[in-house]
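Numbers here simply count residues along the sequence, with the first being 1. Ligands are counted one by one from 1 in listed order, and the atoms in each one are counted from 1 as well.
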Amino acid sequence: MGRLGLKALLFGASGQLGTAISAACAATSDIELTCVPRSVDISDAAKVSASVESERPQWVINCAAMTNVDGAHENPAIAMGVNALGPANIARAAESVGARVIQISTEAVFDGERTSAYAEDDACNPVAVYGISKLAGEMMVRLYNPSSFVLRTSWLYSSNSGVNFPTRLLQQLNSHDGPVSVVTDVVGNATPSAVLAEAVLAVIASPPDPGVYHACCVGAVTKFDWAVEIARTGGFDPSRIVQVTSADYPTVALRPKYVDLSCEKFLATGVYLLPTWQDAWRADRL
Ligand SMILES: NC(=O)c1ccc[n+]([C@@H]2O[C@H](COP(=O)([O-])OP(=O)(O)OC[C@H]3O[C@@H](n4cnc5c(N)ncnc54)[C@H](OP(=O)(O)O)[C@@H]3O)[C@@H](O)[C@H]2O)c1
């Protein structure tokens, strides 16, 4: 048992955020964390229930998700199974042992059609299957586990995953001397997985009122401006970053263009001080 006397169960432990949560937990030892193996498919209610029953934790953290946005568009049944039914299975199993859930969600529940920050109670209007399935997952968790938390985040990155934007950009900058095109009309909140991991553990340590919260770095940035900062701090010539628009890079599924998640509600709880994206990037550079 950790110093706080709390046991938590983690689904999605091998993913980008799951890895960061395991590391943050190991660093503090306040919470005893058990990682559910990947062989437990969260869309399998019986397996989820057996995992939760055998550990009987006070908290269940769900980082497992189908995060491939185009893949979700091509395979809506799988996306709904993992991103909507999976959280439902977890929330029901948790509720049956008296555990609370922390469900990780996404800025993609919004359509990104405005240029001001979104608050938690602003209307959701996902533009693709991924966001639809994640919104359904939020609703399932809130329905089956009313004392749960939904933490919506945005543009996660970390050195433990090769599939995030800064890692890929730095690989490109390293692999040749030429220009690298980056979209300038897509806006989000660049957030290190380590920051969200600490925020998750802080919620467990001193839970605020249950509900939906935005939990990401403060301040929105375009992919282009972020790329310039990544290049500059990585010792590359920032002029190699060339502006293009998302129309130049059509994708299978739509992405919301402008989503700035307002974190005022989370910050007002005093549970954890979310940094600005600039401070987080400079502190946590890859
Ligand atoms: N990455 C971002 O920029 C971002 C932004 C906003 C919100 N989020 C949300 O943040 C959370 C964590 O994202 P992440 O970046 O850590 O994603 P990730 O690296 O793709 O990790 C997802 C994890 O879920 C596992 N998984 C997939 N399907 C599963 C299933 N059916 N049963 C059990 N496990 C399954 C994956 O395993 P395999 O790899 O073996 O399939 C992986 O370990 C997700 O809820 C995501 O929607 C992410």
Salt-bridge contact Asp70-Arg255 (side-chain N to carboxylate O under 4.0 Å): yes
Tyr272 versus Ala202, closest heavy-atom pair with distance: CB-CB, 3.9 Å
Atoms in ligand 1 with a heavy atom of Trp155 nearer than 4.0 Å: 3 (O), 5 (C)
Protein contact to atom 7 (C) of ligand 1 [nearest heavy atom, distance to 0.1 Å]: Ser105 O, 3.3 Å
Polar contact flag for Ile42 and ligand 1 (N/O pairs, less than 3.5 Å): yes
Nitrogen or oxygen of Gly18 less than 3.5 angstrom from that of ligand 1: no
Exam field: side chain Arg232 to backbone Pro238, donor-acceptor pair closer than 3.5 Å: no
Trp281 and Thr233, any side-chain heavy atoms less than 4.5 Å apart: yes
Arg92 CZ: over 12 foreign heavy atoms closer than 6.0 Å: no
Location of contacts on Arg152 toward ligand 1, heavy atoms closer than 4.0 Å: neither
Shortest protein heavy-atom distance from atom 27 (C) of ligand 1, along with the residue and atom involved: Ala65 O, 3.3 Å
Winner among Phe11, Tyr130, Phe165 once heavy atoms are compared against atom 46 (C) of ligand 1: Tyr130
From Cys63, Ala108, Ser39 - option closest to atom 23 (C) of ligand 1 by heavy atom: Cys63
Protein contact of atom 43 (O) of ligand 1 - nearest heavy atom, named by residue and atom, plus distance: Ser14 OG, 2.8 Å
Closest non-hydrogen atom pair, Leu135 against Pro126: CD2-CD, 3.9 Å
Shortest protein heavy-atom distance from atom 45 (O) of ligand 1, along with the residue and atom involved: Lys134 NZ, 2.6 Å
Glu107, portion touching ligand 1 at heavy-atom distance under 4.0 Å: side chain
Atom 41 (O) of ligand 1 protein-contacted, heavy-atom criterion under 4.0 angstrom: yes
Ligand 1 atoms in contact with Gly15 (distance to a heavy atom under 4.0 Å): 16 (O), 19 (O), 21 (O), 42 (C), 43 (O)
Carboxylate-amine/guanidinium proximity below 4.0 Å for Arg152 and Glu138: yes
Atom indices of ligand 1 within 4.0 angstrom of Val40 heavy atoms, with elements: 32 (N), 33 (C)
For atom 34 (N) of ligand 1, closest protein heavy-atom neighbour: Ala64 CB, 3.5 Å
Positive for side-chain contact (heavy atoms from CB on, under 4.5 Å) with Phe266, one of Leu261, Leu274, Leu273: Leu274
Location of contacts on Asn62 toward ligand 1, heavy atoms closer than 4.0 Å: neither
Nitrogen or oxygen of Ser154 less than 3.5 angstrom from that of ligand 1: no
Under 3.5 Å side-chain donor-acceptor pair for Asp260 and Asn189: yes
Heavy-atom nearest option to atom 17 (O) of ligand 1, drawn from Ile104, Leu151, Thr67, Leu17: Thr67
Backbone N/O of Met80 and side chain of Asn83: donor-acceptor pair under 3.5 Å: no
Protein residue, atom and distance nearest to atom 3 (O) of ligand 1, heavy-atom basis: Leu156 N, 2.9 Å
Closest protein heavy atom (residue, atom, distance) for atom 31 (N) of ligand 1: Asp41 OD1, 2.9 Å
Within 45° cone and under 6.0 Å: Arg142 NZ/CZ vs Tyr144 ring: no
Protein heavy-atom partner closest to atom 39 (O) of ligand 1 - residue, atom, separation in Å: Arg38 NE, 4.8 Å
Minimal non-hydrogen separation, Thr191 against Cys217, with atom names: OG1-N, 3.0 Å
For Ala65 against Lys134, the heavy-atom pair lying closest together: CB-NZ, 3.8 Å
